[in-house]
Amino acid sequence: MCDTCGCMVTDGNRHLIEAGNKADDKAANGSAIEVLSHLLDENDHIAAHNREHFDGHQVLVINLMSSPGSGKTSLLEVTIQQLKEQYRIAVIEGDLETENDAARIREHGVPAVQITTGTACHLDAHLVHRAVHQLNLDDIDILFIENVGNLVCPASFDLGQHYNVTLLSSTEGDDKPAKYPVIFRAADVVLITKSDLLEVLGDFSPQQAQSHLRNLANPAPMLTLSSRSGAGLETWLDWLHQAREQQQSRVKTGVSRKPAIQAERITA
């Protein structure tokens, strides 16, 4: 996340750096750090509004993060197939271009809103806020947000979700938690996906991946599953049931929940 590649700026927050606003004034004074901090502060403000809105409608919101191709959409498809008779589910999809993933989700009979970010490598609270206005939250029990495939920037933006789920495919290295610590520190649960390939590949150790996660002082559960074969899926579904029940209990007492570990912030 930086002021050179432009990944901080999305179509959702671009208005904050246009002429005549606070961030633009700071930019004119030559303080890039102040501009970035301002954008993050504004993001957190909208995220808090989103979360309050979700809680008011008793919607559980889960943010899925991973590298491209780890199986987020496939996981959503099989999850919807298993749970759509019990819960009303909706999905917000994030990609740089195309509506391919949203179209896949809609084929399963649930609403899906596609966010195309253009050049932005992550979703932010402003983009999610816009997308939510295309959904009827009164008709939703669980809202999944499939973030843009990226192991860096998505972890730095609160969207208003209640939980972060980070996927780690068996086709990736088991040292990913060590290489990309921010997104794995932010995880409330880590899913090792494509477990049906573990025997074929032979060089991915779930135990080693968990060791790297624990070295980050993150006690989050690490679950191993395969969307293709269904192996391990029940444990993931059980986790979702518990998360939903806990969300309902919190709402009754007026308590909300942010993801367990918040991302690192910019300092001067």
Side-chain angles (χ1 to χ4, degrees), residues 1-5 7-8 36 40 43-44 62-76 94-96 117 120-124 144-159 161-229 231-233 235-236 239-240 243 257-268:
M1 182 178 60
C2 64
D3 59 337
T4 54
C5 76
C7 69
M8 171 71 81
L36 298 181
L40 284 172
N43 181 84
D44 288 350
I62 296 174
N63 177 35
L64 300 179
M65 303 183 293
S66 76
S67 59
S70 66
K72 294 189 297 298
T73 310
S74 295
L75 176 68
L76 284 175
D95 280 302
L96 270 67
T117 63
C121 53
H122 60 86
L123 296 179
D124 65 17
F144 291 99
I145 301 173
E146 181 178 342
N147 220 310
V148 178
N150 182 351
L151 282 178
V152 183
C153 299
S156 295
F157 292 83
D158 186 358
L159 309 177
Q161 75 274 27
H162 300 105
Y163 292 93
N164 283 331
V165 175
T166 301
L167 279 65
L168 173 60
S169 169
S170 64
T171 58
E172 304 175 78
D174 54 27
D175 60 349
K176 280 293 189 293
K179 289 183 174 181
Y180 298 90
V182 175
I183 202 164
F184 284 95
R185 285 195 187 106
D188 293 293
V189 60
V190 175
L191 304 181
I192 297 178
T193 59
K194 304 184 182 181
S195 65
D196 52 302
L197 298 178
L198 285 172
E199 291 186 8
V200 178
L201 298 173
D203 57 355
F204 185 104
S205 167
Q207 294 76 21
Q208 189 62 34
Q210 180 163 306
S211 177
H212 287 303
L213 182 67
R214 298 296 175 249
N215 287 340
L216 299 177
N218 187 350
M222 178 174 278
L223 313 178
T224 301
L225 56 82
S226 168
S227 298
R228 176 177 294 180
S229 71
L233 195 63
T235 306
W236 159 241
W239 183 88
L240 286 172
R257 184 190 194 280
K258 291 183 179 180
I261 302 174
Q262 295 300 295
E264 297 172 358
R265 287 311 199 190
I266 296 172
T267 56

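Computed from a predicted structure; not experimentally measured. Just so it is clear, the values below take in all heavy atoms, side chains as well, and ignore hydrogens, waters and symmetry mates.
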Chi angles and distances behind the side chain to side chain contact (heavy atoms under 4.5 Å, CB included) call for N147, F157: CA-CA 11 Å; N147 220 310; F157 292 83; over 6 Å; no

Would you say R185's side chain and L213's backbone share a donor-acceptor pair under 3.5 angstrom? no

If the plane angle is over 60° it's perpendicular, under 30° parallel, otherwise tilted; pick one for W236 and F144. tilted

Would you call L197 and T171 a side-chain contact if the rule is heavy atoms closer than 4.5 Å? yes

Check whether any side-chain heavy atom of L96 sits under 4.5 Å from a side-chain heavy atom of V148, and report yes or no. yes

State the CG-CG distance between D203 and D174, to the nearest 0.5 angstrom. 7.5 Å

If you compare all heavy atoms of A217 against all heavy atoms of P219, which two are closest, and at what distance to 0.1 Å? O-CD, 3.5 Å

Quick one: does Q207's side chain have a donor or acceptor within less than 3.5 Å of a partner on S205's backbone? no

Provide the closest heavy-atom pair for R214 versus M222 in the form atom of the first, atom of the second, distance. NH2-N, 4.5 Å

For the residue pair S67 / E172, report whether a side-chain donor-acceptor contact shorter than 3.5 Å exists. yes

Keeping N150 on the side-chain end and C121 on the backbone end, is there a donor-acceptor pair under 3.5 Å? yes

Any idea which heavy atoms bring F204 and S169 closest together, and the distance? CE1-O, 3.5 Å

Closest approach of P181 and A178, non-hydrogen atoms and distance? CD-O, 3.6 Å

Can you tell me how far the NE2 atom of H122 sits from the OG1 atom of T117, to the nearest 0.5 Å? 8.0 Å

List the steps, then state whether side chain to side chain contact (heavy atoms under 4.5 Å, CB included) holds for V152 with I183. CA-CA 6 Å; V152 183; I183 202 164; over 6 Å; no

Using only heavy-atom distances, determine whether the side chains of N63 and N164 contain a donor-acceptor pair under 3.5 Å. yes

Kindly give the heavy-atom pair with the smallest separation between G94 and L123, and that separation in Å. CA-CD2, 3.9 Å

Could you go step by step and tell me if V165 and D188 meet the side chain to side chain contact (heavy atoms under 4.5 Å, CB included) rule? CA-CA 6 Å; V165 175; D188 293 293; 6.0 Å; no

Do S170 and K194 have a side chain donor and acceptor closer than 3.5 Å? no

Salt-bridge contact K72-D95 (side-chain N to carboxylate O under 4.0 Å): no

For P206 against T224, the heavy-atom pair lying closest together: CB-OG1, 4.3 Å

Among T193, V189, L225, which one satisfies side-chain contact (heavy atoms from CB on, under 4.5 Å) with L167? T193

A side-chain contact here means heavy atoms from C-beta on lying under 4.5 Å apart; do F184 and N218 qualify? no

Between CG on residue L168 and CG on residue L191, distance to nearest 0.5 Å: 9.5 Å

The reported gap from CG in D158 to CG in D44 (rounded to nearest 0.5 angstrom) is 5.5 Å

Go through the steps for E146 and L76 under the test side chain to side chain contact (heavy atoms under 4.5 Å, CB included), then give the verdict. CA-CA 9 Å; E146 181 178 342; L76 284 175; 3.5 Å; yes

Going from CG on L75 to OG on S226, what distance comes out if it is rounded to the nearest 0.5 angstrom? 10.5 Å

